[in-house]
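Okay, structure first, notes after.
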Amino acid sequence: MATNHLLEIKQYGQSIWIDNLTRDIIQSGELKDLVENQGISGITSNPTIFEKAIAGNVIYDADIEAGVRTGLPIQEIYESLVFADIRNACDILRPVYEASNRLDGYVSMEVPPTIAHDTEATIAEARRYFQEIGRENLMIKIPGTEPGLPAVEQVIAEGMNVNITLLFSVESYINTAWAYIRGLEKRVAEGKDISRIASVASFFLSRIDSNVDGKIDAKLKKGVDDIAVEAKLLAVKGKIAIANAKVAYQEYKKIIESDRWQALVAKGATVQRLLWASTSTKDPNYRDVMYIEELIGRDTVNTVPPATIKACADHCNVSDRLETDVDKAYTLIENLKDPDINIDLDAVMDELLVEGIDKFIQPFQSLMNSLEEKIKVLSPV
């Protein structure tokens, strides 16, 4: 049998989660096989994934029709479909959750993207999701917006697992890590156990390269007279996302060495792992598994879409590379400020966060529209 390279990654302290959740993979047994035999130890989902899963898929029609018969509004029908899938996925991953001592085995579900800038609504929805889904290995996804971080702090303090998503800049990751720490400290101050709480910080990758590369291509298209300037521009293409992630990991190491974090470790705290997200390669000129291969390292997670999982299983070159070429990573980021390149990375990150929320709102609204159409078709005359 051919080697499944996904299974080699675990020895370097990284977990592989699948960035996909559909009823098809639950009912067919595919998810169970991925978990038991292919090295998958968690799942992330988002509104885009659920839109693709539910819209146009007859597997959900019986439950939609049942919701119509009982007179449920569209939002409640949507939640009945998604909550059922989340519960079933949690149950499939429960053995991983227990065997890993709650390190892995999580299923992430996002609060509605329409409330990304509303702290109180985010807290309220996180509470409701956690209570109604009723699974210990549920992880609530909260966008790492400025209003999202106080919500993260409060939800952690209340004992829920949290996946902070849509992180692009190193600064946003640092802010996220301290929000997690403050939430745990608050819980300790209340005399409550912190040993059963888990969190990941989802740091996005390919979207950064797509944005930066687009800016470089625009400069090249205008024409560059100097060969040296052209070389500078080409030298950063396809390199910034991985460099940015390596810098973030160095910040992670500083945080876990801090006295504040070590005091929480003494109380049983579990480290908040960096999770690499948006790991499918968008540019066909780049290696299809580069966002996996280049960021394998201890205490991290990589959440991977199905096609990239297959590619990695087939031909990933597995090695501990997360802390290689770190100086080069800092230099690459610094080089963006060179007048000949002149790309404002902070502005890129702000742009990507706005786009990221919008990219979740649009499919969420599209899914609601699709459900409305389905309800009309399935409604009794």
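Hydrophobic clustering, with ILVMFWY side chains joined whenever heavy atoms are under 4.5 angstrom apart, keeps Val354 apart from Ile208. Side-chain heavy atoms closer than 4.5 Å link hydrophobic residues (I, L, V, M, F, W, Y) into clusters, and following such links, even through other members, never connects Val301 to Ile296. Under a hydrophobic-cluster definition in which Ile, Leu, Val, Met, Phe, Trp and Tyr are linked whenever side-chain heavy atoms come within less than 4.5 Å, directly or via other members, Val348 and Phe204 are assigned to the same cluster. There is a path of hydrophobic side-chain contacts, each under 4.5 Å, that joins Phe360 to Met349. The cluster map of Ile, Leu, Val, Met, Phe, Trp and Tyr, joined by side-chain heavy atoms under 4.5 Å apart, puts Leu93 and Ile133 in the same cluster.
Annotation: side chain of Tyr252 is in contact with side chain of Asp299 (closest heavy-atom distance under 4.5 Å). Side-chain contact between Lys219 and Ile343 is present, with heavy atoms from C-beta onward closer than 4.5 Å. Side chains of Lys232 and Val236 form no contact here, defined as non-hydrogen atoms less than 4.5 Å apart. Between Glu36 and Pro95, the closest side-chain pair of non-hydrogen atoms is not below 4.5 Å. With contacts defined as side-chain heavy-atom distances shorter than 4.5 Å, the pair Arg273/Asp104 qualifies. The closest side-chain heavy-atom distance from Ile164 to Ser199 is below 4.5 Å. Asn46 is listed as a side-chain neighbour of Ile49, based on a closest heavy-atom distance under 4.5 Å. Val162 places none of its side-chain heavy atoms less than 4.5 Å from the side chain of Tyr180.
Between Asp85 and Tyr60, the side chains place a donor N or O and an acceptor N or O closer than 3.5 Å (distance only, hydrogens not considered). For the residue pair Ser280/Lys282, the side-chain donor-acceptor check at 3.5 Å is satisfied. Using modelled atom types and a 3.5 Å distance limit, the side chains of Ser108 and Lys141 yield no donor-acceptor pair. For the 3.5 Å distance criterion, the side chains of Gln250 and Glu323 qualify, holding a donor opposite an acceptor. Between the side chains of Asp358 and Gln362, at least one donor N or O sits under 3.5 Å from an acceptor N or O.
Within the 3.5 Å criterion, the main-chain N or O of Ser278 finds no donor-acceptor partner in the side chain of Asp19. Between the Asp213 side chain and the Gly238 main chain, a donor and an acceptor come within less than 3.5 Å of each other. With hydrogens and angles ignored, the 3.5 Å screen pairs a side-chain donor or acceptor of Asn88 with a backbone N or O of Ala84. Checking side-chain atoms of Lys246 against main-chain N and O of Thr324 turns up a donor-acceptor pair under 3.5 Å. Panel note: side chain Arg94, backbone Gly105; no donor-acceptor pair is recorded below 3.5 Å.
Looking at every heavy atom in both residues, His5 comes nearest to Asp314 through CD2-O, 3.3 Å. Val111 and Glu125 make their closest contact through CG1-CB, 4.1 Å (heavy atoms, listed as atom of the first residue, atom of the second, distance). In terms of heavy atoms, Gly67 sits closest to Ile77 at C-CD1, 4.0 Å. The two residues Thr22 and Ala53 come nearest to each other via the heavy atoms CG2-CB, 3.6 Å. Minimum interatomic distance between Glu293 and Asn317 (heavy atoms only, all atoms of both residues): OE2-N, 2.7 Å.
Heavy atoms of other residues, nucleotides or ligands lying less than 6.0 angstrom from CG of Asp226 number more than 12. Summarising the local packing, CZ of Arg298 is surrounded by 12 or fewer heavy atoms from other residues, nucleotides or ligands at distances under 6.0 Å. Heavy atoms from other residues, nucleotides or ligands lying under 6.0 Å from CD of Gln131 number 12 at most. In the displayed structure, Glu98 atom CD is contacted under 6.0 Å by more than 12 heavy atoms of other residues, nucleotides or ligands. In this structure, Gln75 places its CD atom where more than 12 heavy-atom neighbours from other residues, nucleotides or ligands lie under 6.0 Å away.
Interatomic distance, CG of Leu21 versus CD1 of Ile86, reported as 5.0 Å (0.5 Å rounding). Interatomic distance, CG of Leu149 versus CZ of Arg182, reported as 7.5 Å (0.5 Å rounding). Atom CG of Asp288 is separated from atom SG of Cys312 by 9.0 Å, given to the nearest 0.5 angstrom. With values rounded to the nearest 0.5 angstrom, Glu51 atom CD is found 12.5 Å from Asn57 atom CG. With values rounded to the nearest 0.5 angstrom, Cys316 atom SG is found 10.5 Å from Ile309 atom CD1. Taken to the nearest 0.5 Å, the CD1 atom of Ile9 stands 11.0 Å off from the OG atom of Ser319.
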Exercise. Please lay out, stage by stage, how Arg102 and Glu136 fare under the test salt bridge (Lys or Arg N to Asp or Glu O under 4.0 Å).
Key: CA-CA 9 Å; Arg102 301 182 299 278; Glu136 279 183 41; over 6 Å; no
Practice problem: For side-chain contact (heavy atoms from CB on, under 4.5 Å), just list the numbers for Val304 and Trp276, CA-CA rounded to whole Å, side-chain angles, deciding distance to a tenth of an Å, and then say yes or no. | Solution: CA-CA 9 Å; Val304 188; Trp276 314 126; over 6 Å; no
Exercise. Check the pair Val224 / Asp340 against side-chain contact (heavy atoms from CB on, under 4.5 Å), numbers first and verdict last.
Key: CA-CA 10 Å; Val224 178; Asp340 291 328; over 6 Å; no
Quiz item: Passes salt bridge (Lys or Arg N to Asp or Glu O under 4.0 Å), Arg187 versus Glu190? Steps please.
Solution: CA-CA 5 Å; Arg187 193 167 170 83; Glu190 293 169 356; 5.6 Å; no
Quiz prompt | side-chain contact (heavy atoms from CB on, under 4.5 Å) assessment of Leu322 paired with Gln14 | solution = CA-CA 11 Å; Leu322 184 52; Gln14 182 175 87; 5.9 Å; no
Quiz prompt | Audit row: Lys239, Asp325, salt bridge (Lys or Arg N to Asp or Glu O under 4.0 Å) steps and yes/no | solution = CA-CA 12 Å; Lys239 301 283 198 316; Asp325 296 325; over 6 Å; no
Exercise. May I have the step-by-step check of salt bridge (Lys or Arg N to Asp or Glu O under 4.0 Å) for Glu251 and Lys254, ending in yes or no?
Key: CA-CA 5 Å; Glu251 293 300 325; Lys254 292 175 192 173; 3.0 Å; yes
Quiz item: Going through the distances and angles, do Leu275 and Trp17 end up as a side-chain contact (heavy atoms from CB on, under 4.5 Å)?
Solution: CA-CA 9 Å; Leu275 177 149; Trp17 294 3; 3.7 Å; yes
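Checking Thr308, Thr281, Asp209 one by one against Tyr291, the side chain to side chain donor-acceptor pair (under 3.5 Å) holds for a single residue, Asp209. Checked options Arg260, Lys267, Lys192; the residue passing with Glu185 is Arg260 (criterion: salt bridge (charged side-chain N to carboxylate O under 4.0 Å, His left out)). Each of Asn163, Thr176, Thr303 was compared with Ser202 under the side chain to side chain donor-acceptor pair (under 3.5 Å) criterion, and only Asn163 meets it.
In this structure, Tyr78 and Phe364 have perpendicular ring planes: the angle between them is above 60°, well past the 30° mark. Using the six-membered ring where Trp is involved, Phe83 and Tyr129 have ring planes that are perpendicular, over 60° apart on the 30 and 60° scheme.
Residue pairs meeting the side chain to side chain donor-acceptor pair (under 3.5 Å) criterion with at least one partner in residues 109-124, sequence neighbours excluded, do not occur; the list is empty.
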